Asks: 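Here's a structure for you.
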Amino acid sequence: MNKQKIPLINASDPSQEEAVFILAMENAHVEYYPNWLSHKHAKSLMDYFIAQLQWQQPSITLYGQQRLIPRLQAWYGDPDSQYEYSRLVMQPLPWDIRLAKLKQACEQKCRARFNSVLANYYRHGRDSMGMHADNEPELGAQPIIASVSLGQTRRFTFKNIHTKETYKIGLEHGSLLVMKGDTQQHWHHGMNKSRTQTGPRLNFTFRHVTQKK
Ligand SMILES: O=C(O)CCC(=O)C(=O)O
Ligand SMILES: [Fe+2]
């Protein structure tokens, strides 16, 4: 497999304190803000969300077999943000107050509206997420997805659907990754199991889903 590293372009504005990197991936638009939340704020959110969110471990059918997904997850959103994922129809839970605040912060940062979030809880290094694109029709052709990471840094992989080129980036505690433009049309993303990055990690992908017609 081609493991070429695509460089990060530092697009930080020196007049602002915040660092931002643009991932130099073809036919994609991905921005990475490593220190979006302070360490302390991110830690407080992490402890709160682990304790308060309604984590579940659903099963999906893979090659005719029922299997528990290798992580915990929870779907929150506005009442009309129903979502179908691996043939599971997910009814959103009503917004938790601190999750709604985090959504608002993402909306301001991305200048976009979100009405739902998929929360993922990777309990240890053996939890993972398979390669996929967030390209469900309900998300539209060029979805903006804001991905907030808390806890253990885990290596996140992008793989170009056509060229198979891969790109890996460590998603750090308190970071924000924004995927937009044609990213979902040309790239898959996912997270392998890890033998070294073994601590717990939470990830939140804020999205805007439209009702199926
Ligand atoms: O855990 C992550 O960083 C990615 C999650 C993801 O890709 C998703 O929720 O669709
Ligand atoms: Fe995804």
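Note that ligands are numbered from 1 as they come in the structure, with each ligand's atoms numbered from 1 the same way. Atoms considered below: every heavy atom in the structure, side chains included; atoms not considered: hydrogens, waters and symmetry mates. Owing to the predicted nature of the structure, the values given are computational and were not obtained by experimental measurement.
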Asks: So, at under 2.8 Å, which protein N, O or S atoms would a careful student list around the Fe ion (ligand 2)?
Replies: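 Only H132 NE2, D134 OD2, H189 NE2 fall inside 2.8 Å of the Fe ion (ligand 2).
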Asks: Do K109 and E18 meet the salt-bridge criterion of a basic N to acidic O distance under 4.0 Å?
Replies: yes
Asks: We want to know whether S149 and R201 form a side-chain donor-acceptor pair, criterion being a heavy-atom distance below 3.5 angstrom.
Replies: yes
Asks: Would you mind listing every side-chain hydrogen bond (donor to acceptor under 3.5 Å, both in side chains) that reaches into residues 169-178, with sequence neighbours excluded?
Replies: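 For residues 169-178: Y32-E172.
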Asks: Taking atom CD1 as the centre, does I97 end up with more than 12 heavy-atom neighbours from other residues, nucleotides or ligands that are less than 6.0 angstrom away?
Replies: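 Open: at most 12 neighbouring heavy atoms sit under 6.0 Å from CD1 of I97.
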Asks: What residues come within 4.0 Å of ligand 1, counting heavy atoms only?
Replies: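 Residues near ligand 1: L118, N120, Y122, M129, H132, D134, F156, L171, H189, R201, N203, T205, R207.
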Asks: Taking the six-membered ring of W95, is NZ or CZ of K103 closer than 6.0 Å to its centre and within 45° of its axis?
Replies: yes
Asks: Spell out, as yes or no, whether a donor-acceptor pair under 3.5 Å connects the side chain of E165 to the backbone of N160.
Replies: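 Answer holds: no.
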Asks: Are the side chains of R123 and P200 in contact, using a 4.5 Å heavy-atom criterion?
Replies: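 Side-chain contact under 4.5 Å: no.
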Asks: With sequence neighbours left out, what residues match D134 under salt bridge (Lys or Arg N to Asp or Glu O under 4.0 Å)?
Replies: R207
Asks: Any non-hydrogen side-chain atom of Q184 less than 4.5 Å from a side-chain atom of I145?
Replies: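 Counting from C-beta outward, Q184 and I145 do come under 4.5 Å.
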